[in-house]
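Chain letters run A, B, ... following the sequence lines, proteins first and then strands; every chain starts at 1. Quantities reported herein were computed from a predicted structural model and do not represent experimental measurements. All values below come from the heavy atoms of this structure, side chains included, with hydrogens, waters and symmetry mates left out.
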Amino acid sequence: MNSLLEFQQVNRRFGRSKALKDASFRVPAGSITALLGPNGAGKSTALKIALNLLRPSSGTVRVLGTDSRKLGPAELARIGYVADGMELPEWMTVAQFLGWCRPLYPKWDVDLERALCKQFALPADRKLRQLSRGQKMKAALASVLSYRPELLVLDEPFSGLDPLVRDEFIAGLLELAGSEGFSVVLSSHDIEEVDRLADHVVMLNNGEVIIDESTEDLLARHRRVEVVLPEHFGDLPALPATWIGAESSGRVLRFADIAHEPASFNEQAARIFPGCPPPDVQRYSLRELFVTLVRAGKADAGV
Amino acid sequence: MLPFRFHLLDGLPVSDQLVKAVQRAVLTGEMASGERFPSVRVIAQELKISPTTAHKAVLELRDAGFLATRPGAGMVVVKPAGSSREQLLSQLAPACRDLIRQASLLGLSQAETLEALRRTYSEQP
């Protein structure tokens, strides 16, 4: 599948600290990709590099087919960027702000602008400085959706938004989603926010990409397994390399199967845990999976 | 609002849940044959899910004969030919699998599981 955004072994250093380490991942065309990771994982750095607001220390980023370091006005007019706490011309009214953006983009759609203002209930003659955080984010989103960008980049778009505003915001960006090739990449430290919205997931931890996969495949191959061991089981045998993060308490052993395949799992389980009742095998939610992978410290979990 | 009852649960693929919900609604008559089906964009917006996921469910429903393309009107609901009893029974399969799994965790046999089911039935008002 085509990718609108592709990171190839990107490193970024700030002084001695490394914000990104050999990061490779992609945003498939037409996808809503979630860039997930704890605070400080490198999400914002990655998005800033994608927009040429930062340069990579090494490696390449291709955005809409162009090297990120060579992005010019023509490419930037095809990309929308909204970041939590981004600077807006606070002294302008909503109407002035949108009027100020309009001439910058040849593809600006006045009808869409009007529809979004209505959908977001934006007060046209209020100054941006007088708006709530949620209203400001909606104004910023309206200002980028109105030129129908091919790639929408959202950096922590939901932080500090109440659930109602967040839903409006999502409905707004889905207004364009589904139109040909439109792709979204959004970063979040709170997986619950994007659980069902994202169809592609990139997980970062300490600047490293640990997952770059479709949400469906990712959830399909991982299982949480719990086994109740007999009373005097003795030492645990070696587990297959794809059973990670094993921990036990009392007689219960829990681990994550990161390459689940029912037939071979049952065969292995029967061999490794003879005489045990059948293991309890459950799918993960995205949130539980993320916590599990980060905790297991498996940098190579995606391999 | 969507014209069928739907409540997303955790831990199951969203598109599978959507397909099952629509199938149920069609089989039980909650949605009538010929009724217009919401667009992918509307489904995505209502459920806050990715359009790719909504699109996948719609294609699956079309391939299974529950939706058809009508020029100019998008997708319309179709009640598929064949035994609806069979299809209604297959709707229960995931819940049955779950019951069987729970029973095996408890070490209960098939007969005991059916006994539990019968008991619960008789307790229903």
Side-chain angles (χ1 to χ4, degrees), chain A residues 1 28-34 119 158 163 166-184 186 191-201 214-220 222-224 226-228 262 276-289, chain B residues 1-2 6-22 37-63 67 69 74-75 93-110 112-113:
Chain A
M1 201 193 273
S31 74
I32 296 185
T33 296
Q119 191 181 339
F158 309 123
R166 192 190 60 197
D167 275 13
E168 285 177 359
F169 192 94
I170 292 175
L173 73 90
L174 288 173
E175 199 61 46
L176 282 195
S179 46
E180 201 60 42
F182 173 70
S183 310
V184 181
L186 57 93
I191 294 155
E192 211 114 319
E193 292 175 331
V194 298
D195 206 345
R196 287 154 183 164
L197 188 60
D199 47 56
H200 191 88
V201 177
S214 84
T215 313
E216 200 176 289
D217 292 349
L218 180 68
L219 294 177
H222 285 89
R223 288 292 186 283
R224 182 230 307 273
E226 287 180 328
V227 188
V228 180
C276 293
D280 192 5
V281 180
Q282 300 272 15
R283 288 175 71 107
Y284 282 101
S285 69
L286 201 51
R287 180 195 186 83
E288 295 166 329
L289 179 58
Chain B
M1 203 192 138
L2 294 173
F6 187 52
H7 183 71
L8 266 172
L9 300 172
D10 267 340
L12 288 167
V14 174
S15 70
D16 290 1
Q17 292 189 54
L18 188 53
V19 166
K20 284 271 171 292
V22 173
F37 194 70
S39 70
V40 164
R41 181 175 57 78
V42 168
I43 297 171
Q45 283 180 321
E46 285 287 335
L47 302 176
K48 310 286 178 290
I49 61 173
S50 116
T52 316
T53 306
H55 185 65
K56 189 172 171 257
V58 166
L59 288 187
E60 208 170 303
L61 285 162
R62 191 197 59 190
D63 292 347
L67 295 178
T69 320
M75 289 283 182
C96 291
R97 276 195 290 272
D98 200 47
L99 179 67
I100 293 170
R101 200 177 54 79
Q102 297 285 345
S104 90
L105 288 174
L106 291 168
L108 294 175
S109 68
Q110 181 176 346
E112 287 165 320
T113 309

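Only the side chain of B:S15 comes within less than 4.5 Å of a heavy atom in chain A; its backbone stays farther off. Residue contact with chain B, scored on non-hydrogen atoms closer than 4.5 Å, is absent for A:P277. Residue B:L47 does not touch chain A at all, counting heavy-atom pairs closer than 4.5 Å. Only the backbone of B:L9 comes within contact range of chain A, with heavy atoms under 4.5 Å apart. For B:L105, the part lying under 4.5 angstrom from a heavy atom of chain A is the side chain only.
Judged as a ring pair (Phe, Tyr, Trp, His ring centres under 6.0 Å), and not counting sequence neighbours, the contacts of A:F169 are A:F158.
A:S183 places a side-chain N or O within 3.5 Å of a backbone atom of A:G30 that can act as its donor or acceptor partner. Counting only distance, with no hydrogens or angles, the side chain of A:Q282 and the backbone of A:R224 share no donor-acceptor pair below 3.5 Å.
For the set A:I170, A:D280, A:I32, the entry with the most heavy-atom pairs within less than 4.5 Å of chain B is A:D280.
Identified under the salt bridge (charged side-chain N to carboxylate O under 4.0 Å, His left out) test for residues 40-60 of chain B, with sequence neighbours left out: A:E175-B:R41, A:E216-B:K56.
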* Given side-chain contact (heavy atoms from CB on, under 4.5 Å), test A:V194 with A:V201 step by step and report yes or no. => CA-CA 10 Å; A:V194 298; A:V201 177; over 6 Å; no
